[in-house]
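To keep things clear, I will list the structure first and then write my remarks on it.
Below, chains carry the letters A, B, ... as their sequence lines are ordered, and counting in each starts from 1. Bear in mind the structure is a predicted one, so any value in this text is a computation, not a measurement.
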Protein chains: 2
Amino acid sequence: MAEERRKFRREGEERRRDALISAALELIAEGGPGVATVRAIADRAGVTPGLIRHYFSSKEELTREAYRALMERMSSDNAAVLDRAADPRARLAAFVAAALRPPVMDAARMGLWAGFIHQVRRDAAMAAVHAETYLAYRDRLQALIAALPGTGDAARQRALAIACNGVIDGLWLEGSALPEAFAAGELERIGLDAVGAILGLDLPAPSEQTEDRP
Amino acid sequence: MAEERRKFRREGEERRRDALISAALELIAEGGPGVATVRAIADRAGVTPGLIRHYFSSKEELTREAYRALMERMSSDNAAVLDRAADPRARLAAFVAAALRPPVMDAARMGLWAGFIHQVRRDAAMAAVHAETYLAYRDRLQALIAALPGTGDAARQRALAIACNGVIDGLWLEGSALPEAFAAGELERIGLDAVGAILGLDLPAPSEQTEDRP
DNA sequence: GGTGTAATTATGCAAGTGTATAATTGAGGC
DNA sequence: GCCTCAATTATACACTTGCATAATTACACC
């Protein structure tokens, strides 16, 4: 008997696009851009490779959209963290802590970031998204700092925001790249202390509640 | 007339291996692992692709050796920075500043780092080199901190070293990824101030002398 | 100056890449 | 139930990749 043609279900455009984007992000996170081939992506999304070119004009465009989706998701997750506290110090502490625990501090998230870097450097559209996202993150941090007493003028607040952002990013990097080198919660504590030292105040450890999506 | 066979010069094994390794590192830095094909590497090194398999058992092994060479070079460059000052505070300041100016803080260096990450995650040998290099760097930083007055016991010094390492790595990352977002020397000043705040002391700005190799 | 031999190049190949195009088939409207 | 048409699959193609192997050639040694 001849191998029969594969069965399939028709889906809405948005669902299929989302599935393909998610599949691409998963693969890049796990193995880098090299393993995110059209065949692997289609396989992970449960379709055949031809469908990619039905919903995206090229694989490159799929990647570009995946990056954009990733940045948007990270931004909104990050903004949501701030809603969980009212006191300025507690809000800042939640902001710092969220970056230093899963799912943000995570090997896969870092793999995603690293996997995109070179493409971001060649593609002007992706570079713009990158700069925009980064600066928005830092602006949010700067606003948190400005809400604290005794943080000086705007120029000083900018410098403080850059420094705190550095602490957050650096510890995120270390914890994501070498998780076994740190005890559970260690980097979170260190990050809160360091940011506190830079700003000249004590930051309370936020609750254990972790960032998650519905 | 038929195209004649390419002329060549015989070279010592070490020179050829070095040339191939350098070529691989350049290409990975510029465009990521995807552009570092055997043909591109051989071209950059001024030889033909077959030679790679004459000096390395596979392209993967060339990449592995390239990573090892990179890590060794970074370690020795880093250690050399410390010889330029005697006073503990000046030594620490030099350590921090060196990481936050070229050629360490540089888009190509970051591209190199990002380009290797996924391969480091799959390859146990590369992962070991990575962990070893990172911990050596941090131990060096911790030793610098321990030489300062009032930095507590070993556990506290460890936490301080992790925090300072975070500042350095994070600012390095931001400056390398988005150089146009910062003024010249800005991150260096911010880094020195932040490390100083974490350690509770003032760090003098080191001389403008930059790290370079002969 | 020949001669051996190891370094280097040239050629070929199977597997994998993204993409174009044609062939099918699921599902809603009548 | 049938028809229509877009969603989906299947197939094919040109190109690139890493690697194996055979053919050359530079250069040390006598």
Practice item. Using atom CD of B/E60 as one end and atom P of D/dC19 as the other, report the distance to the nearest whole Å. Key: 8 Å
Practice item. Please list residues of residues 24-37 of chain B whose heavy atoms come under 4.0 Å from any atom in DNA chain D, ordered by number; otherwise none. Key: B/T37
Could you tabulate the donor-acceptor pairs under 3.5 Å formed by side-chain atoms of residues 159-168 of chain A, not counting sequence neighbours?
none

Review point. Does A/F182 have any ring pair (Phe, Tyr, Trp, His ring centres under 6.0 Å) partners at least two apart in sequence or in another chain, and if so, which?
Key: none
Point to revise | Separation of atom CZ in B/R39 from atom C1' in C/dG12, rounded to whole Å | key: 11 Å
**Study point:** Where at least one partner belongs to residues 49-78 of chain A, residue pairs that pass ring-ring contact (aromatic ring centres under 6.0 Å, His included), sequence neighbours excluded
**Key:** A/Y67-A/F116
**Study point:** Distance in angstrom units between A/F56 CZ and C/dT19 P, rounded
**Key:** 13 Å
Point to revise | Set of residues satisfying salt bridge (charged side-chain N to carboxylate O under 4.0 Å, His left out) with respect to B/R64, sequence neighbours excluded | key: B/E60, B/D123
Review point. Among all residues two or more places apart in sequence or in another chain, which pass the side chain to side chain contact (heavy atoms under 4.5 Å, CB included) test with A/A177?
Key: A/M110, B/H130
Check your understanding: What string of B, S and - do you get for nucleotides 6-11 of chain D 5' to 3' if you count protein non-hydrogen atoms under 4.0 Å?
Key -> BBBBS-
Practice item. Output all residues satisfying salt bridge (charged side-chain N to carboxylate O under 4.0 Å, His left out) with B/E132, sequence neighbours left out; order by chain, then residue number. Key: none
Review point. Starting at CD1 of A/I41 and ending at P of C/dG18, how long is that distance when rounded to a whole Å?
Key: 7 Å
Point to revise | Listed partners of B/A127 passing side chain to side chain contact (heavy atoms under 4.5 Å, CB included), at least two apart | key: B/V120
Review point. So which heavy atom on A/G115 is nearest to which on A/I28, and how close?
Key: CA-CG2, 4.1 Å
Study note, to complete from the structure: Rounded to whole Å, the CG-C1' distance (B/L62 to D/dC19) equals 14 Å
**Study point:** Nearest-Å distance for atom pair CG/C1', residues A/D43 and C/dT17
**Key:** 16 Å
Check your understanding: Rounded to the Å, how far apart are B/R15 CZ and C/dA7 P?
Key -> 15 Å
